[in-house]
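Note sheet for the following structure.
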Amino acid sequence: MKINRNFLDLKESYLFATVGSKFTAYQKAHPEKKVIKLSIGDVTRPLAPCVIQAMHRAVEDLAHAETFKGYGPDATCYGYESLIRSIEGSYARKGVTLTDREIFISDGAKSDLSNILDLFSAENVVLVPDPVYPVYVDTNIMAGRKIVYADATEENGFLPMPDEGVSADIIYICSPNNPTGAAYDRVGLKAWVDYANRHGAVILYDAAYEYFICDPALPRSIYEIEGAKTCAIEFCSYSKTAGFTGVRCGYTIVPAELEREGVPLAKLWARRQSTKFNGVSYVTQMGAAAVFTEDGEREVRQNLEYYRSNARRIASTLDELGIYYTGGKNSPYIWMKCPGGRTSWEFFDWLLEEANVVGTPGSGFGKNGEGFFRLTAFGSAENTAEACRRLKKLLG
Ligand code: PLP
C-alpha cells in the first residue's frame with residue numbers, strides 16, 4: 001500500500017492555532033482585561049425565525065408515515081423542488097436564468113470547491129490569488145497539481161487581473177474576497193471571463209459572500225457577466241448568507257453550456273455527486289428553502305445588516321485614522337495595512353498588548369499578506385464599537 005504522498009507537500013497551517021494560543025496566554029496572564037476578538041470568521045447571530053419554523057415543520061413531516069422522507073428525490077444531488085425553485089428565484093432577481101439540472105445542492109461551499117477537482121486532470125495548471133483562502137491551495141496540493149499565483153497587492157487594490165503571459169487551466173476567483181474583502185466590478189470580472197473563454201480555462205467562482213454586496217453596480221453572480229456560462233462554475237453557501245455554518249447547506253451552479261473536450265461538465269458533476277454523495281438532509285433543505293422567500297430574505301437581511309453595520313463602523317474608524325484598507329463596504333472582512341511599517345505578527349502582538357484587540361495576521365494567507373491584517377464584522381455590535389474606540393485611542 002502506498003499513501004498519497006502529495007499530502008506530505010502540504011504546509012502545516014499554524015495561523016488560527018497561533019492566534020488562539022496567543023489570545024489564551026494573554027487572557028490567562030491578564031484575567032482582568034477584556035480582550036475583544038475581531039478575528040471571528042464564523043457567524044454569531046441565530047437563524048432567522050422563518051428558517052427555524054420551516055425546520056420544525058420538516059421535523060414534524062418526518063414523524064408521520066404519510067409525509068416521511070428517506071433519500072432525496074431523483075438523483076440526490078439536485079435537491080427538493082421547493083429549494084431549487086427558491087434558488088432559481090434568487091438568480092432570476094439578479095437577471096440570471098437557470099434551469100433545474102444546473103443547480104446542485106451541497107452541504108456547503110467548502111466541500112464542493114474541493115470535490116469539483118475530481119472532474120479535472122491532475123495535469124491542469126491552477127491559478128490562485130495570493131493572499132488566498134487556503135482551501136484552494138491545499139486541495140490542489142493533495143491532488144498533485146501545479147499552482148501558479150496571481151499577485152493581489154495594494155497596487156491593484158487586491159484584485160489581480162489576468163495576465164496573457166500566464167497559462168492556467170483552472171482559475172479560482174473569490175468575490176467578495178476572503179481575506180481581503182475586495183470585490184470585482186463588472187469590468188474586472190469580464191476580463192477574467194474573456195481570458196478563460198480564450199484559453200479554454202474553467203473559473204471556479206466562490207460567491208460565499210455575495211449577500212454582503214450592497215453596491216448595485218457590483219455583480220453578485222459571475223453569470224451576470226456575458227460569456228460566463230461557457231467558462232465558470234459558481235459556488236454559493238447559506239453559511240454567511242443565512243447563518244448556516246453549523247447547519248450546512250450550499251449550492252453549486254454548473255451551466256449546461258459549459259463543456260470541455262466536448263463533455264458537459266454538469267454531466268460529469270452529476271455523475272460524481274450521485275456516486276459519492278447522498279444529498280443534504282430534508283430538514284436542512286426545508287430550512288434553506290425558507291431563506292429566499294419574501295419573509296426569509298427580509299429576516300436574513302436584518303442579520304446581514306447587523307454585520308454590515310459592524311463592518312461600516314470598522315471601515316469608518318480606519319477612514320478617520322487615514323489607514324489604507326480594502327473590504328468593509330461589500331464584505332464582512334476588512335483588510336488593513338499595518339501602521340508604522342509593522343509586519344503582520346508584530347502588529348498582532350502590539351494590538352493585543354496595547355488595545356486588547358485580536359485580529360488575524362495577513363501573512364497567514366500568503367506572501368502578499370505580509371504587512372496586512374484581517375478584521376471581521378462577525379462580533380457583537382457592542383464589542384465592535386469598543387474595539388473601534390480602542391483602535392482610535394491607540395492609532396489616533
Ligand atoms: N469560501 C470562502 C471564501 C470562505 O471563507 C468559506 C468559509 O469561511 C467557505 C467558502 C466555506 O463555506 P461553507 O461553510 O459553505 O463550507
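Since we're looking at a predicted model, the values are computed, not measured. Atom set for the values below is all heavy atoms of this structure, side chains included, hydrogens, waters and symmetry mates excluded. As the structure lists them, so they are numbered: ligands from 1, and atoms in each ligand from 1.
Paired with F158 under the rule ring pair (Phe, Tyr, Trp, His ring centres under 6.0 Å), one option of Y333, Y184, W335 passes, and it is W335.
In this structure, C214 and K329 have side chains that are not in contact, with every pair of non-hydrogen atoms separated by 4.5 Å or more.
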Under a 3.5 Å threshold, I'd like every N/O contact between ligand 1 and protein atoms, with atom names and distance.
from: ligand 1; atom 1: 1 (N); to: D206; atom 2: OD1; distance (Å): 3.4
from: ligand 1; atom 1: 1 (N); to: D206; atom 2: OD2; distance (Å): 2.6
from: ligand 1; atom 1: 5 (O); to: N178; atom 2: ND2; distance (Å): 2.8
from: ligand 1; atom 1: 5 (O); to: Y209; atom 2: OH; distance (Å): 2.6
from: ligand 1; atom 1: 8 (O); to: Y209; atom 2: OH; distance (Å): 3.4
from: ligand 1; atom 1: 8 (O); to: K240; atom 2: NZ; distance (Å): 2.9
from: ligand 1; atom 1: 14 (O); to: S239; atom 2: OG; distance (Å): 2.6
from: ligand 1; atom 1: 14 (O); to: R248; atom 2: NH1; distance (Å): 2.9
from: ligand 1; atom 1: 14 (O); to: R248; atom 2: NH2; distance (Å): 3.4
from: ligand 1; atom 1: 15 (O); to: A109; atom 2: N; distance (Å): 2.7
from: ligand 1; atom 1: 15 (O); to: S237; atom 2: OG; distance (Å): 2.6
from: ligand 1; atom 1: 15 (O); to: S239; atom 2: OG; distance (Å): 3.3
from: ligand 1; atom 1: 16 (O); to: A109; atom 2: N; distance (Å): 3.3
from: ligand 1; atom 1: 16 (O); to: K110; atom 2: N; distance (Å): 2.9
from: ligand 1; atom 1: 16 (O); to: R248; atom 2: NH2; distance (Å): 2.7

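For I213, the side-chain contact (heavy atoms from CB on, under 4.5 Å) criterion is met by P176, L218, R220, N330, not counting sequence neighbours. Residues that satisfy the ring pair (Phe, Tyr, Trp, His ring centres under 6.0 Å) test with F292, not counting sequence neighbours, are Y211, Y238. In terms of the side-chain contact (heavy atoms from CB on, under 4.5 Å) criterion, residue partners of T153 (sequence neighbours excluded) are, by chain and number, D151, E155, N156, N368.
In this structure, D169 does not pair ionically with R145, as no charged nitrogen and carboxylate oxygen lie closer than 4.0 Å.
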